[in-house]
Amino acid sequence: MPNRIYLDHAATTPVHPRVWEAMQPYLTQFFGNPSSIHGFGRDSRKAMEQARERIAGFMGADPAQLVFTSGGTEADNMALIGVAMANRERGKHIITSQIEHHAVLHACEHLEQIGFDVTYLPVDQTGMVHLEQVQEAVRPDTILVSIMYGNNEVGTIQPIVEIGQFLQERGIYFHTDAVQAFGVLPIDVAALPVDLLSVSAHKINGPKGVGALYMKRNVNFIPYLLGGNQERKRRGGTENVAGIVGFGEAVKVTQEEMGERVKKYLQLRQTMLQVWQEDSIRHQLNGHPERFLPHILNVSFPEVDTETMLLNLDLVGIAAASGSACTSGSLELSHVLTAMCLEQPIAESAVRFSFGITNTLEEVREAAKKTGEIVKRLGRSK
Ligand SMILES: *Cc1c(COP(=O)(O)O)cnc(C)c1O
């Protein structure tokens, strides 16, 4: 096996050594239940609250506005279902987009099944939702809008400020899934017109199974996970203390390195595109040419279909993806590319490379070279 090259960081990232180190004592030595009144409990609670402060601080929130969850999926579910159920007397209409993560889309489908009305907004060919579409879709009974910050498949950054401002004036709740944007774009919820925002630890070198939902103070919300009075009665269940401590440390490292990381990702991206350019490999960039998440590069090689490309990349030790981790493994075309209305050969040959903190220029150059070789070897003119 040659040295493997991991270019699928939008699916998940490795735990940073500092994160692992920070977590360990909270699995063994400090194992108390943070709800317990004794010293063991207090030790856990203290560490958890420090992490909460750190994560809240990184996004300009008050610590009390963060609810810890089991990840981005639960944060999205909690936002949509918690707000919809609490406001169902006010209205039954929800607006989202066709390019959301399945954690949002499937929660919306569930809400439809129990009597809500959902509008799924289209996007343009760059994967962008437009404010005008939101304005046209809004009805007197619209209670909630959910539009992601940055897309996980093609990287397009959505106009959430414009959309949020419009909704704020109308008193409609606005949720954004910021799982991919968190850690690569500066986020300040105090300045953003959003009421709820989801994040996840394992996309920023934290552990899997922990995330958070930021919630403005006056949001009318009912708990989604019922149990004890944890998380100020907003989410039942003993908190994942070690995971939360790890999340806090991952945010700390990200905070220190964010500027450098973004610069590096842009360089890695440029390097790959340059290799294909120089080697005359036919390719087309998917997503928006300027408003994109720096760590996501989605490209089509119209001469080789996605499946063939991914299998051949894997054979030479290169891990890339077709889009969301949940859709890979099935032959179905990604819902994001479908919504973008790309020409069939483009949509059917899209590959997502996503960068992380350990990737090097040499690695991505090699990956780009090998991708080009596959195109040359298997490519047939379509
Ligand atoms: C990964 C991801 C999620 C799901 O987060 P988990 O922590 O894996 O549940 C939600 N939304 C987006 C945009 C993601 O990339």
Side-chain angles (χ1 to χ4, degrees), residues 6-15 19 55 59 66-81 96-110 123 127-129 146-158 160 175-185 187 194 196-214 224-225 235 237 239-240 243-244 246-248 250-251 254 265 287-288 291-298 319-329 334-337 339 352-356:
Y6 185 78
L7 295 173
D8 196 14
H9 292 85
T12 195
T13 62
V15 165
V19 169
I55 300 161
M59 58 168 83
L66 278 200
V67 180
F68 285 121
T69 66
S70 65
T73 300
E74 190 193 318
D76 285 345
N77 273 241
M78 183 192 263
L80 284 150
I81 298 169
T96 187
S97 81
Q98 292 171 5
I99 57 149
E100 299 299 312
H101 190 274
H102 282 134
V104 167
L105 289 177
H106 290 166
C108 284
E109 283 166 25
H110 169 70
V123 292
M128 182 90 80
V129 177
S146 180
I147 305 287
M148 71 202 318
Y149 203 139
N151 181 265
N152 50 302
E153 294 193 29
V154 294
T156 304
I157 298 170
Q158 305 301 326
I160 64 156
H175 166 253
T176 191
D177 174 339
V179 171
Q180 290 293 338
F182 191 57
V184 287
L185 298 182
I187 294 179
V194 303
L196 306 109
L197 180 144
S198 307
V199 294
S200 176
H202 77 100
K203 305 289 174 79
I204 61 158
N205 304 94
K208 292 168 184 59
V210 58
L213 179 65
Y214 155 79
Y224 167 67
L225 208 58
R235 197 258 191 194
E239 294 91 341
N240 174 2
I244 289 167
F247 191 7
V251 161
T254 300
Y265 298 157
H288 197 279
R291 288 179 56 93
F292 58 81
L293 297 173
H295 65 299
I296 294 180
L297 174 59
N298 192 307
S322 59
S324 55
C326 332
T327 30
S328 61
S334 120
H335 65 284
V336 176
L337 299 170
R352 180 189 70 187
F353 299 95
S354 49
F355 310 119

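Note that the numbering runs from 1 along the sequence shown for the chain. Order of listing sets the numbers, starting from 1, for every ligand and every atom in it. Scope of the values below: all heavy atoms of this structure, side chains included, with no hydrogens, waters or symmetry mates. Note that the structure is predicted; figures quoted are calculated from it, not measured.
Of the possible donor and acceptor atoms, none in the side chain of R235 sits under 3.5 Å from a partner among the backbone N and O of M78. A donor-acceptor pair under 3.5 Å links the side-chain atoms of N205 to the main chain of P14, judged by distance alone.
Close contacts between ligand 1 and H202 involve ligand atoms 6 (P), 7 (O), 8 (O) [criterion: under 4.0 Å to a heavy atom]. Distances below 4.0 Å separate heavy atoms of K203 from the following atoms of ligand 1: 1 (C), 2 (C), 3 (C), 14 (C), 15 (O). Set against the non-hydrogen atoms of D76, the atoms of ligand 1 under 4.0 Å away are 10 (C), 11 (N). Applying the 4.0 Å criterion to heavy atoms of G71 picks out, from ligand 1, the atoms 7 (O).
When only non-hydrogen protein atoms are considered, atom 4 (C) of ligand 1 lies nearest to T73 OG1, 3.5 Å. Remark: minimum distance from atom 3 (C) of ligand 1 to any protein heavy atom is reached at H101 NE2, 3.5 Å. Protein heavy atom at the shortest distance from atom 6 (P) of ligand 1 is G72 N, 3.4 Å.
Nearest-heavy-atom check against atom 11 (N) of ligand 1 across T12, D177, V104, V199 picks out D177.
With hydrogens and angles left out, the side-chain atoms of T13 and H202 include no donor and acceptor closer than 3.5 Å. Counting only N and O atoms by type, the side chains of S354 and H295 include no donor and acceptor under 3.5 Å apart. Counting only N and O atoms by type, the side chains of K208 and T12 include a donor and acceptor under 3.5 Å apart. At a cut-off of 3.5 Å, with distance as the only test, no side-chain donor of D177 or S198 sits close to an acceptor on the other residue.
In terms of N/O distances under 3.5 Å, ligand 1 is approached by S200.
The side-chain heavy atoms of Y149 and V194, taken from C-beta on, include no pair separated by under 4.5 Å.
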